[in-house]
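Each remark here refers to the structure printed beneath this line.
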Amino acid sequence: EDIQRCMEETGTAGVMVAETNLYNPALFVGTYPPVWELSREYLDLVRYNNEDLVKLRKDTEGAMVTLEDGLEVPKKFLNAVPKSCIKAHLFKLWRSSLNNHIDIRDKLSEPAPEGMEWFYDIQDELEKRLRAERERALANPSTSLPQQTYPEYGPLSYVDKGLQPWLCQPYVRKSKPLASVP
């Protein structure tokens with residue numbers, strides 16, 4: 001609804017997003033899936049991509065590699081997704097959950113060992129906790145559900161929509177006043 005409102009108010013034909021889509025990749029579908037579903041899918045895609053790249057680099061001689069679609073790419077560009085990028089994406093996907101699970105946030109901040117299992121272990125632990133939170137909330141709807149408030153921003157918009165920390169949700173930055181033009 002924010003995108004539609006923006007287009008109507010500005011008269012634009014479209015709206016570009018970047019960062020907010022990292023927090024909820026289902027943004028344009030209009031859903032708020034559980035964070036564990038999309039983070040597991042992300043980790044699976046990274047693992048698949050990294051394994052394919054390693055195989056391509058090993059199995060190909062010369063400086064160029066021909067991909068399935070026929071595109072030729074210099075072999076030096078076939079690199080695995082860096083752990084720093086994986087961590088950054090997980091921090092964004094899990095943003096709504098990590099304030100309630102500081103030990104997991106701290107664990108994700110640590111240097112990552114080789115391989116993907118470390119990321120899957122963290123994912124599994126967070127999923128276990130979030131599923132338990134969701135089950136408790138569904139079993140007792142009158143219970144106050146965990147919601148986040150940030151002192152500098154106040155309650156975020158997802159609290160008003162009733163979205164809970166185990167759901168992917170957009171990140172909305174605090175608006176700054178526009179500078180006046182003389």
Side-chain angles (χ1 to χ4, degrees), residues 1-3 15-51 53 79-177:
E1 69 249 8
D2 288 343
I3 291 173
V15 175
M16 187 171 90
V17 300
E19 188 177 31
T20 196
N21 210 37
L22 296 172
Y23 293 88
N24 180 8
L27 178 70
F28 291 111
V29 180
T31 63
Y32 305 94
V35 296
W36 61 81
E37 288 178 5
L38 292 184
S39 57
R40 167 110 21 220
E41 182 178 354
Y42 170 72
L43 289 174
D44 290 346
L45 287 169
V46 169
R47 174 182 273 168
Y48 178 76
N49 178 66
N50 288 356
E51 288 172 357
L53 290 175
N79 296 314
V81 177
K83 290 182 191 127
S84 60
C85 292
I86 298 169
K87 285 176 149 188
H89 283 114
L90 291 175
F91 270 117
K92 286 175 174 55
L93 278 169
W94 295 341
R95 181 180 185 275
S96 60
S97 307
L98 291 178
N99 285 331
N100 293 333
H101 301 281
I102 294 171
D103 62 317
I104 291 179
R105 184 187 68 198
D106 291 347
K107 179 77 173 166
L108 189 58
S109 299
E110 295 172 5
E114 285 301 313
M116 292 291 297
E117 288 313 308
W118 183 79
F119 291 107
Y120 279 101
D121 290 345
I122 295 172
Q123 150 73 29
D124 292 345
E125 178 60 28
L126 183 61
E127 179 178 351
K128 182 176 82 175
R129 293 182 192 186
L130 294 177
R131 281 182 182 274
E133 281 180 24
R134 184 180 72 173
E135 292 309 311
R136 281 192 303 273
L138 292 173
N140 188 3
S142 63
T143 303
S144 175
L145 298 171
Q147 297 177 337
Q148 275 128 71
T149 300
Y150 298 86
E152 67 273 28
Y153 301 117
L156 296 180
S157 61
Y158 70 81
V159 173
D160 300 331
K161 292 182 178 188
L163 297 177
Q164 298 305 320
W166 57 80
L167 298 175
C168 287
Q169 45 205 271
Y171 171 58
V172 181
R173 289 183 182 270
K174 182 179 178 183
S175 297
K176 293 181 182 178

[atom1]-[atom2] distance between [X] and [Y], expressed to the nearest 0.5 angstrom:
| X | Y | atom1 | atom2 | value |
| --- | --- | --- | --- | --- |
| Ile122 | Ile104 | CD1 | CD1 | 8.0 Å |
| His101 | Leu108 | NE2 | CG | 13.5 Å |
| Arg105 | Trp94 | CZ | CH2 | 13.5 Å |
| Arg95 | Leu22 | CZ | CG | 13.0 Å |

With [X] via side-chain hydrogen bond (donor to acceptor under 3.5 Å, both in side chains) - residues at least two apart:
| X | value |
| --- | --- |
| Tyr23 | none |
| Glu114 | Lys83 |
| Arg47 | Glu117 |
| Asn49 | none |

In chain order, what residues pass the side chain to side chain contact (heavy atoms under 4.5 Å, CB included) check against [X], with sequence neighbours excluded?
| X | result |
| --- | --- |
| Ser84 | Pro82 |
| Glu110 | Lys107, Trp118 |
| Asp121 | none |

Taking only residues two or more places apart in sequence, or in another chain, which ones meet [X] in a salt bridge (charged side-chain N to carboxylate O under 4.0 Å, His left out)?
| X | value |
| --- | --- |
| Arg40 | Asp124, Glu127 |
| Asp103 | Arg129 |
| Glu37 | none |

Report yes if some heavy atom in the side chain of [X] is under 4.5 Å from a heavy atom in the side chain of [Y]; otherwise report no.
| X | Y | result |
| --- | --- | --- |
| Phe119 | Val46 | no |
| Pro165 | Val35 | no |
| Asn24 | Pro33 | yes |

Would you mind telling me which of Arg134, Lys128, Glu41 makes a side-chain contact (heavy atoms from CB on, under 4.5 Å) with Trp36?
Arg134

Is a side-chain N or O of Tyr120 found less than 3.5 angstrom from the main chain of Asp44, in a donor-acceptor match?
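Such a contact is found between Tyr120 side chain and Asp44 backbone.
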
Would you find a donor on one side and an acceptor on the other, under 3.5 Å apart, between the side chain of Ser39 and the backbone of Leu90?
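Checking the backbone N and O of Leu90 against the side chain of Ser39, no donor-acceptor pair under 3.5 Å is found.
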
For a quick test of reading the model, state the closest non-hydrogen atom pair linking Leu93 to Cys168 and the distance between them.
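Heavy atoms of Leu93 and Cys168 come nearest at CD2-SG, 4.2 Å.
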
Restricting to ring-ring contact (aromatic ring centres under 6.0 Å, His included), what partner residues turn up for His89, sequence neighbours left out?
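Tyr42.
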
